[in-house]
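Accompanying notes for the structure given below.
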Amino acid sequence: MTTDRTPAPQETPVEEPAPAPAAVLDAKDVLAATERFPWAVAAPGVRHWPDGSDFLDVALSAVRPGEREGYIERLEAFVEQHRARLEEMLRTHGPGSRPASRGRYALIGQPETLVIVERMESAPFLLRSQWEKELETVFLDDLEFVWGPRTRLSR
């Protein structure tokens with residue numbers, strides 16, 4: 001007796017698509033975006049730190065992978081939305097102000113501060129956690145005090 005056996009088609013393994021790589025945030029691009037708001041930052045010659053890259057790196061580490069794509073545009077919208085508040089913060093506590101003359105509020109006026117404040121609003125606990133691993137908290141504490149209570153962002 002002959003059986004006609006056809007071989008079963010080979011099962012091809014189903015490949016799972018690789019997860020999309022998280023968008024990379026280039027600190028130079030983010031810094032360039034912050035410097036497009038001269039009304040929100042002190043002039044380069046009066047800033048406390050010519051290079052605030054440590055602060056920027058910590059703030060950017062608090063941007064979740066899912067938030068990285070389009071982050072610069074959201075940061076720019078945040079800065080515009082909070083223009084009056086940022087201008088007031090720079091005027092009252094930035095370089096040349098009475099509080100700053102006492103050595104406090106050193107971050108105010110730094111372009112990196114725009115990212116820090118945005119993260120304070122969007123991911124405060126993550127920012128604080130990252131900050132405590134890398135930097136002295138007094139700088140963040142002072143900035144939180146001046147910025148005031150967290151506000152709701154329209155999403």
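Every value quoted in this text rests on a predicted model; they were computed, and no experiment measured them.
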Mind running salt bridge (charged side-chain N to carboxylate O under 4.0 Å, His left out) on R91 and E87 for me, showing each step along the way?
CA-CA 6 Å; R91 187 184 66 72; E87 287 176 322; over 6 Å; no

Do P99 and R104 make a side-chain contact, defined as non-hydrogen atoms from C-beta onward lying under 4.5 Å apart?
no

Name the orientation class of the two ring planes belonging to H82 and F78 (parallel below 30°, tilted from 30 to 60°, perpendicular beyond 60°).
tilted

Evaluate the criterion side chain to side chain contact (heavy atoms under 4.5 Å, CB included) for residue pair L90 and V41; output intermediate values, then yes/no.
CA-CA 7 Å; L90 181 62; V41 297; 5.7 Å; no

Heavy-atom side-chain proximity of R119 to V63 below 4.5 angstrom
yes

Spacing of OG1 belonging to T92 relative to CD1 belonging to I108, to within rounding of 0.5 Å
6.5 Å

Side chains of T34 and E112, heavy atoms from C-beta outward: is any pair under 4.5 Å?
no

Working for side chain to side chain contact (heavy atoms under 4.5 Å, CB included), residues L140 and L135
CA-CA 9 Å; L140 184 60; L135 300 168; over 6 Å; no

What distance do D57 atom CG and Q130 atom CD have between them, rounded to the nearest 0.5 Å?
11.5 Å

Below 4.0 angstrom, N of the basic side chain to O of the carboxylate: do R128 and E132 qualify?
yes

Kindly determine whether L60 and F55 satisfy side chain to side chain contact (heavy atoms under 4.5 Å, CB included), including the steps that lead there.
CA-CA 9 Å; L60 290 177; F55 301 112; over 6 Å; no

Atom pair CD (E144) and OG1 (T137), whose distance is rounded to the nearest 0.5 Å
9.0 Å

When the ring centroid of H93 is compared with that of W147, is the distance short of 6.0 Å?
no

Mind running salt bridge (charged side-chain N to carboxylate O under 4.0 Å, His left out) on E80 and R85 for me, showing each step along the way?
CA-CA 10 Å; E80 286 296 342; R85 196 170 170 192; over 6 Å; no

One thing to verify: whether E88 and R83 come together as a salt bridge, which I'm taking to mean a side-chain N less than 4.0 angstrom from a carboxylate O.
no

Looking only at the side chains, is there a donor atom on one of E76 and Y71 sitting less than 3.5 Å from an acceptor on the other?
no

Rounded to the nearest 0.5 angstrom, the CH2-CG distance for W131 and L143 is 7.0 Å

How far apart are the closest heavy atoms of L56 and A27, and which atoms are they?
CD2-O, 3.6 Å

Could you tell me whether R64 and E69 have a side-chain N and a carboxylate O separated by less than 4.0 Å?
no

